[in-house]
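Everything on this sheet refers to the single structure shown next.
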Amino acid sequence: MTSTPPSPPEPPRLAERLVRELASRRGWRDVTTGDLREEFQAASAERGSRAARRWYWRETALLFLDTCHHLLRRTAGAIAALVRPPGDHLMRTLLRESRLAVRSLIRQPLVSAVVVLTLALGLGANAATFGWIDGLLLHPFTIPDVDRLVVLSENSAAEPFPQEAVSPANFLDYTREARAFDGIAAMEFADVTLSGTDQPERIAGHKVSGDFFRILSVTPLRGRMLDATDDQFGRHRQVVISEGLWQRRFGGDPSAVGNTIRLDGEPHTVVGIAPPGFDFPSGSQIWAPLALDSKAAANRTSRYLTVVARLRPNATLDTAQTDMTRVFGQLTETHAEANRNRQLIVRTFTAAMVDIGMPQVLALWQAAAVLVLLIGGVNIANLLLARGASRERELAVRLAIGASRWQIVRQLLVESVILALVATPLAIGVAAVAFDLVKSMLPAELVRFVPGWNEMGVTWRLMGFTLLAALVAAVIFGLLPALQASRPALTVALRDGGRSVTAGSRRHRLRRALVVVEVALALPLLIASGLAATGAQRFVNGAQGYDPDGLLKLRVVLPEATYPDPDSQRQFAEKLLAEARRQPGVEMAATTLVLPSSSSNYTRSFLVDGRPTKPEDVPRVNFRTVSADYLRLMRIPIMEGRDFTEADRQDAEPVAIVSQSLAKQHWPGESALGRRIRLGGDDRPLTTIVGISGDTIDDWFINRNAPTVYAPSAQLPMGSIHLVLRTSGDPAALADGARRALAAVDPNQAAFSVATMREAIRVRTSGLRFIGAIMLAFGVIALTLAAVGIYSVMAFFVAQRRQEMGIRMALGATASQVLRLTLGHGARMAGLGIAIGAAAGLGLARLMESAMFGIVRPEPWLFISVATVLAACALLASLLPARQATRVDPIVALRE
Amino acid sequence: MPKPDHYLGEFEHLVLLAILQCGEDAYTVPIRDVLAERSRRRVARGALYTSLDRLQSKGLVTSRLGDPLAIRGGRSRRYFSVTPSGLTALRAARAAVADLSEGLESLLDRQ
């Protein structure tokens with residue numbers, strides 16, 4: 001192998017460019033960039049590259065401030081001498097202008113308040129999405145030097161999403177062969193039942209290999225963390241527990257270290273307490289050694305390990321990828337069968353651990369938030385235009401006595417900047433409220449899988465972003481009205497006291513155009529929120545393929561130590577069913593390996609007898625072992641053939657029921673009945689298909705109407721069991737009975753995921769409902785802002801044309817004619833906006849289709865109804881001013 | 001004692017001393033480090049460069065470029081040394097401080 005020489009760590013590229021730019025203004029470019037590089041190398045050797053990069057950015061900011069200061073000082077004198085009488089200082093001018101601005105803003109408190117509130121809403125929406133992106137996507141982990149961590153995955157082209165999955169034997173080879181890493185660690189999902197204290201409890205946990213805590217730089221709160229000496233089969237009954245579990249189960253007693261606890265029925269020694277807040281991966285409360293036994297250590301086909309590695313000081317993502325491609329290349333030769341059609345991908349820790357789909361959803365929200373801000377901004381521009389019109393005289397006087405246009409524009413811009421500065425803390429408040437609301441929306445069962453969720457909140461980055469966005473918005477939305485207001489038709493404005501039809505017409509055209517833009521922006525946003533909300537609704541309340549009402553579920557996972565063989569597992573399930581049926585209110589009881597809307601899934605490879613398939617083409621299908629009356633209880637229909645019966649016992653012929661989707665996929669146009677299949681490998685018994693069932697929605701995300709095989713649990717007992725109970729009463733009332741039934745069979749087993757089926761669906765779809773709710777909130781804000789915008793323009797339009805209306809009515813126009821004139825005006829603006837917005841709406845709907853995994857269906861009726869709602873709001877908003885126009889008293893209007 | 005051509009600003013004074021403290025190795029990074037460390041204050045990069053520029057244009061220091069270095073992304077270090085008139089200015093400043101401090105030892109030497 002050829003090894004590339006280690007390249008020194010690079011400073012952030014963007015920052016370095018900024019530095020070069022800043023330094024070149026003062027003729028010290030090479031020395032500055034060189035110095036900073038040199039100091040950066042020293043800092044990264046000393047404090048790690050993450051800290052060094054932060055340091056570099058800080059230095060860049062300081063340099064920027066320094067340069068600003070320098071330029072300001074150098075130019076202030078020159079400008080002051082040119083523009084102002086000597087003795088007048090730039091700062092003093094700015095202060096005076098600010099005072100002036102504040103005074104004029106206070107003079108029109110309503111307008112100022114509306115502008116501030118609109119800005120606060122728009123900026124708040126953006127601050128919140130920035131916070132989500134920052135907290136969930138860019139900085140979800142608080143692990144030190146997380147940018148030096150990478151995740152390895154053995155991907156096959158057939159898998160729709162990259163998964164962090166590696167087989168144990170391959171993992172062991174990587175630890176031996178890889179050269180780019182300081183350490184490699186594997187982890188395996190391993191929730192456990194903690195028993196032996198007061199009540200058995202199911203606890204989130206992982207098995208981790210020896211280097212795990214070392215490469216994540218975790219230092220114990222008490223005792224010690226696990227290390228390589230624990231990671232040996234036979235010496236592995238030692239665990240580290242989380243600080244939270246320690247407080248909860250041991251009351252924070254220091255002597256808990258060294259104590260023995262029972263996990264899945266086996267004694268384990270607590271050797272250490274993890275530091276507060278550490279719950280990686282996926283909300284783990286307990287960590288046990290991975291300790292692969294000889295059988296697992298030879299396994300190359302089951303990819304159930306997540307593998308994390310820390311880069312050597314001089315390695316980069318690229319060199320690591322090169323190195324691992326080499327190692328994996330060797331494996332595809334020595335173990336071709338197991339590693340065929342796969343490649344090894346090295347990704348950054350943050351990129352790999354972020355939830356699938358999160359980037360798309362966040363991009364969607366950010367787009368929506370920007371739209372809200374734009375709509376709000378258009379409103380503000382509109383209000384400021386109106387304000388400019390009413391101040392025409394004041395500005396005309398200032399121009400007439402010698403103020404330059406630039407001075408007027410500057411004065412007006414200072415006003416909008418002050419408004420933005422007032423709005424900024426409010427916007428941060430809006431974001432903080434949004435974070436709190438949002439945090440309460442996701443249930444704990446899901447939060448553990450969303451890294452960064454609990455840390456989400458107001459940060460310095462967020463405040464800086466909001467301030468910056470506020471200033472940019474103030475300048476953009478303030479500039480147009482300022483330019484417009486600073487060029488009044490002087491003579492006209494001064495002569496007729498600002499009451500004119502002609503002078504305002506250009507300004508009015510501008511305002512109408514802004515309303516059209518606003519409607520055109522609001523429509524796509526409304527379409528998007530309608531799509532998200534209806535999509536979510538469909539999966540929560542729509543057809544599930546079974547009847548979710550009147551069901552209660554309970555899950556139990558039998559430990560291998562106490563239930564080592566199929567017979568003991570079968571007996572347990574039978575006893576559990578018998579006990580459950582005895583509980584009051586229970587009308588039917590059944591067991592299954594996997595229930596729809598639960599967090600786990602089991603799949604098996606699926607082979608059709610007499611149809612040879614290449615190993616890499618063997619499909620995996622959903623696999624559920626169920627008790628005889630499970631399908632009847634769930635009301636999953638049998639479309640063809642028969643249901644399971646009590647006669648499908650251990651010694652009877654192996655049988656299976658397949659879902660419609662599976663039958664269609666493998667026997668298109670033919671009947672699947674009577675076909676023979678093997679589940680889980682060539683060595684498994686031939687199984688006959690005796691029935692075809694309806695499809696179910698197991699998970700809205702990636703498991704809808706998926707090919708599924710059911711097998712009788714009497715023939716294939718499993719240690720993981722969902723108990724489902726059906727009642728005609730309130731299913732929640734069965735919970736105690738279900739727990740009692742379990743305790744009667746084995747008091748050492750923990751009942752977990754006890755919930756009604758409706759509740760399970762609610763939890764399972766909460767991510768989706770959450771997306772829908774956020775989009776709906778954006779939609780409502782946008783609609784409100786658009787309506788306010790139309791109202792203000794129409795009100796202004798009517799006020800400006802009072803005289804004209806008066807003349808029309810004096811000449812015999814009826815109230816309804818005037819009403820039609822005004823309404824028609826509003827309708828034209830809305831219609832044009834809707835026509836333009838519809839095109840943008842189509843584009844956004846496409847984006848959402850891909851962002852939301854096909855659960856969104858852009859149906860024509862939705863487009864039409866959203867456009868109707870928007871048009872109705874627009875008409876309503878112009879109706880009020882229009883009615884006012886009809887009440888104009890001709891005499892009064894003419895005399896004004 | 002020869003009369004200096006220039007009087008030193010406080011910061012310039014400190015920069016000249018820092019250059020001398022660094023000896024052979026007097027380029028911008030250690031100069032700034034020594035300044036920050038011994039004068040116990042933050043030294044803005046820009047302020048140091050500006051001051052060095054000014055000292056050079058007054059003829060109190062000279063500078064030369066070193067070889068390009070990989071650690072600096074292929075750029076050179078700029079090494080500074082104090083010229084004889086720089087030394088003269090330092091001595092004059094020191095003498096002025098010493099003169100003005102005379103008789104004030106009991107006040108100034110107190111911790």
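So that the names make sense, note that chain A is the first sequence line, chain B the second, and so on, each numbered from 1.
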Please report the interatomic distance CZ(B/R75) to CD(A/E38), rounded to the nearest 0.5 Å. 11.5 Å

Going by the rule side-chain hydrogen bond (donor to acceptor under 3.5 Å, both in side chains), which residues pair with B/T62 if we only count those two or more places apart in sequence or in a different chain? B/S81

With the side chain counted from C-beta on, respond yes when B/R42 and A/L62 share a heavy-atom pair under 4.5 Å apart, and no when they do not. yes

Within 6.0 Å of CZ in B/R38, more than 12 heavy atoms from elsewhere: no

Do other residues, nucleotides or ligands put more than 12 heavy atoms under 6.0 Å from the CZ atom of A/R17? no

Where is the tightest heavy-atom contact between B/Y49 and A/T32, given as atom of each residue plus distance? CE1-OG1, 3.3 Å

Would you find more than 12 non-hydrogen atoms of other residues, nucleotides or ligands less than 6.0 Å from A/R47 atom CZ? yes

Looking at B/R77, B/R72, B/R32, which hits side chain to side chain donor-acceptor pair (under 3.5 Å) with A/D35? B/R72

Segment of A/E39 engaging chain B (4.5 angstrom heavy-atom cut-off): side chain

